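The structure under discussion appears below in the form of structure tokens.
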2 protein chains.
Amino acid sequence: MRKRYRTIPPAGNGEVIALAEHGPRTGRPMRADARRNYEKLVEQARIAFTEFGVDAPLDEISRRAGVASGTLYRHFPTRLDLIEAVLAGQIAELVNLGRGLLTAEDASAALSRWLRAALAHALTYRGLAAAVMNSALDQDNDRASTWHAQMFEVGAALLARARRSGAVGADADPADVLKMVGAIAWAVQDAPDGSTQADRMLTLLMNGLHAPHRSDSRPEE
Amino acid sequence: MRKRYRTIPPAGNGEVIALAEHGPRTGRPMRADARRNYEKLVEQARIAFTEFGVDAPLDEISRRAGVASGTLYRHFPTRLDLIEAVLAGQIAELVNLGRGLLTAEDASAALSRWLRAALAHALTYRGLAAAVMNSALDQDNDRASTWHAQMFEVGAALLARARRSGAVGADADPADVLKMVGAIAWAVQDAPDGSTQADRMLTLLMNGLHAPHRSDSRPEE
DNA sequence: ACCTGAACACCGTTCAAGT
DNA sequence: ACCTGAACACCGTTCAAGT
């Protein structure tokens with residue numbers, strides 16, 4: 001199938017269970033067995049994504065969770081639904097970190113630190129998180145989860161604060177910056193020296209933010 | 001299947017045929033019918049990738065080319081082999097452009113122009129070219145084609161020249177820069193306003209290059 | 001040396017029957 | 001309301017037979 005991952009990322013925390021308490025379809029509480037199945041599916045998906053990558057066979061996941069394939073499909077109509085559930089806990093942590101950093105003294109350092117944390121998040125599961133972040137950032141996307149919305153809010157606030165402090169020049173679009181972070185994660189996902197390369201690339205991005213904004217975007221020719 | 005593309009990119013030029021003259025396996029000239037099949041497969045793959053994206057069914061491609069599935073498999077053992085053949089002509093053009101720009105007066109503008117051309121290339125076929133560029137950039141990759149090797153050579157030369165001219169500060173790794181270009185293409189591949197966003201992001205990258213190099217890559221915490 | 005095309009394996013999706 | 005699991009559809013890969 002695919003190369004295996006070295007380390008298994010930490011499991012999603014209580015946030016996942018908070019999601020499972022209410023059915024994503026009805027809004028009403030889930031039946032106890034349905035909720036158990038939901039949680040088993042998310043847990044086994046997390047393990048399978050770690051082992052096989054994004055393309056882990058769905059029936060393998062349902063088999064490990066001890067449910068039929070139709071049950072997986074009922075809870076998660078698309079693969080992306082399942083993926084988002086797996087990532088939910090990690091994103092919540094990122095949001096919390098960002099909120100804490102909003103009161104840090106050095107606004108520029110706070111931004112830098114949060115972007116590095118976001119990059120670390122984006123790198124999980126072979127750049128899978130990066131792909132989800134990226135698709136959630138597209139405007140016409142009605143799939144952008146609540147978690148992602150919060151994440152972008154925090155990112156924008158940190159960027160605005162850094163700009164007000166004078167450390168970041170001119171008008172960088174927060175969505176652009178976050179897209180770049182996801183893009184870096186994607187770019188290094190299979191590189192042998194991935195994390196050091198990602199570090200250098202993020203430094204390049206931070207330099208671009210610090211620089212006085214010069215628009216040299218003349219058209220192609 | 002998938003959303004359709006607006007425009008069909010220009011066909012690969014003579015370079016593709018140059019490849020087809022010798023079998024990729026033996027090194028000796030291909031039999032006339034084999035070569036015809038090779039070319040028909042590349043042409044139909046180009047069209048199918050445009051219509052369906054990267055995941056165009058292989059048997060659809062072989063069906064349109066009028067050959068059996070085994071023939072496609074003989075010429076192109078993996079999907080990536082087929083993709084590389086489709087992109088070959090475009091990459092050759094990019095290399096030529098870069099070589100011409102090596103003697104331009106303004107080294108910084110030359111780099112900027114070539115990076116924008118590289119970005120345009122990376123955007124073809126829904127960011128498919130970006131994925132191929134990116135995987136070719138990984139060091140342990142024995143699949144990096146001759147074309148890509150030339151491309152990275154040209155990019156490195158343009159960057160070095162811009163650095164010597166003083167317009168680009170310090171030591172940016174050419175591979176990092178090209179990875180960023182591919183990453184930008186990937187990030188905007190499905191965005192509604194993709195090309196304008198890509199433009200802004202590339203400007204951010206250029207700003208990062210122009211800035212005096214500051215290394216703020218302190219570890220995570 | 002190359003091509004054909006049937007056979008196989010794999011995997012996602014649906015749905016009738018059951019609780 | 002939810003679950004099961006067989007059935008179906010789709011697609012990549014192999015390989016024996018043919019030229």
Side-chain angles (χ1 to χ4, degrees), chain A residues 1-2 19-45 47-49 51-86 128 131, chain B residues 1-2 19-45 47-49 51-86 128 131:
Chain A
M1 295 222 170
R2 260 181 197 75
L19 171 67
E21 269 163 15
H22 299 283
R25 343 262 285 181
T26 60
R28 285 183 288 105
M30 292 172 78
R31 225 169 61 178
D33 58 342
R35 181 172 148 181
R36 267 195 305 274
N37 285 340
Y38 181 102
E39 285 164 20
K40 276 190 286 185
L41 281 167
V42 172
E43 170 63 8
Q44 293 304 319
I47 295 172
F49 289 155
E51 274 188 55
F52 305 116
V54 199
D55 299 326
L58 293 182
D59 66 346
E60 174 71 15
I61 294 172
S62 59
R63 198 188 57 74
R64 291 187 185 186
V67 303
S69 56
T71 301
L72 190 160
Y73 208 75
R74 160 170 268 267
H75 286 300
F76 308 100
T78 73
R79 184 180 288 271
L80 193 51
D81 290 303
L82 184 55
I83 290 170
E84 286 186 342
V86 169
L128 168 57
Chain B
M1 291 223 174
R2 263 182 192 76
L19 172 66
E21 269 163 15
H22 300 282
R25 341 264 282 184
T26 60
R28 286 183 287 105
M30 294 174 77
R31 225 168 61 178
D33 60 340
R35 183 172 147 182
R36 267 194 306 274
N37 284 339
Y38 181 102
E39 284 164 22
K40 278 190 286 186
L41 282 166
V42 172
E43 171 62 10
Q44 293 304 320
I47 295 171
F49 288 156
E51 273 187 54
F52 305 116
V54 201
D55 298 326
L58 294 183
D59 66 346
E60 175 71 14
I61 293 172
S62 59
R63 199 187 57 72
R64 291 186 184 187
V67 303
S69 57
T71 301
L72 191 159
Y73 207 73
R74 158 171 269 268
H75 286 301
F76 307 101
T78 74
R79 183 180 289 270
L80 192 53
D81 290 303
L82 184 55
I83 290 171
E84 286 186 341
V86 169
L128 167 57

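Treat the numbers as computed from the prediction; the structure is a model and nothing was measured. So you know, we letter chains A, B, ... as the sequences are listed, proteins then strands, and number each from 1.
Just one of A/Ile83, A/Val86, A/Thr71, A/Val42 meets the side-chain contact (heavy atoms from CB on, under 4.5 Å) condition when paired with A/Phe76; it is A/Val42.
If you measure from atom NZ of A/Lys40 to atom P of D/dC2, you get 16 Å, rounded to the nearest angstrom. Between B/Phe76 atom CZ and D/dG12 atom P there is a gap of 15 Å when expressed in whole angstrom units. A straight line from OH of B/Tyr38 to P of C/dA1 spans 19 Å, rounded to a whole angstrom. Atom pair A/Arg74:CZ and C/dG12:C1' shows a separation of 18 Å (rounding to whole Å applied). Atom-to-atom, CG of A/Leu72 to P of D/dC2 comes out at 15 Å; the value is rounded to the nearest Å. Atoms CZ (A/Arg35) and P (D/dC3) sit 14 Å apart, rounded to a whole Å. Nucleotide C/dC2 holds its P atom 13 Å from the CZ atom of B/Arg36, rounded to whole Å. As a whole-Å value, the separation of B/Met30 CE from C/dC2 P is 7 Å.
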For this session: Please assess A/Lys40 against A/Glu43 for the test salt bridge (Lys or Arg N to Asp or Glu O under 4.0 Å), listing each intermediate value before the final yes or no.
Result: CA-CA 5 Å; A/Lys40 276 190 286 185; A/Glu43 170 63 8; over 6 Å; no
Exercise. Going through the distances and angles, do A/Glu39 and A/Arg35 end up as a side chain to side chain contact (heavy atoms under 4.5 Å, CB included)?
Worked result: CA-CA 6 Å; A/Glu39 285 164 20; A/Arg35 181 172 148 181; 3.1 Å; yes
For this session: Using the side chain to side chain contact (heavy atoms under 4.5 Å, CB included) rule, take B/His75 and B/Met30 through it: C-alpha gap first, then chi angles, then the decisive distance, then the call.
Result: CA-CA 11 Å; B/His75 286 301; B/Met30 294 174 77; 3.3 Å; yes
Problem set entry | Residues A/Thr78, A/Asp81; criterion side-chain hydrogen bond (donor to acceptor under 3.5 Å, both in side chains); working and verdict | CA-CA 5 Å; A/Thr78 73; A/Asp81 290 303; 2.8 Å; yes
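Along DNA chain D, the nucleotide nearest A/Ala68 and the nucleotide nearest B/Glu60 are compared for position; the residue whose nucleotide lies closer to the 5' end is A/Ala68.
Distances from the side chain of A/Thr71 to the nucleotides D/dG12, D/dT4, C/dC3 place D/dT4 closest.
A donor-acceptor contact shorter than 3.5 Å links the side chain of B/Arg79 to the backbone of B/Ala56.
Stem analysis of DNA chain C (at least three stacked-register Watson-Crick or G-U pairs, each with both distances under 3.5 Å) gives C:4-8 with D:12-16, C:12-16 with D:4-8.
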Exercise. When every nucleotide of nucleotides 13-19 of chain C is labelled 5' to 3' by its protein contacts under 4.0 Å (heavy atoms), B for base, S for sugar-phosphate only, - for none, what sequence of letters results?
Worked result: BB-----
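For the atom pair A/Gln44 CD and A/Ser62 OG, the distance stands at 10.5 Å (nearest 0.5 Å).
Residues B/Ile61 and B/Phe49 are in side-chain contact: their nearest non-hydrogen atoms beyond the backbone lie under 4.5 Å apart.
Across all non-hydrogen atoms, the minimal contact from A/Leu72 to A/Leu58 is CD1-O, 3.4 Å.
Listed pair A/Asn37 / D/dC2 fails the phosphate criterion, with no side-chain N or O lying under 4.0 Å from OP1 or OP2. Put simply, A/His75 has a side-chain N or O that comes within less than 4.0 Å of OP1 or OP2 on D/dC3.
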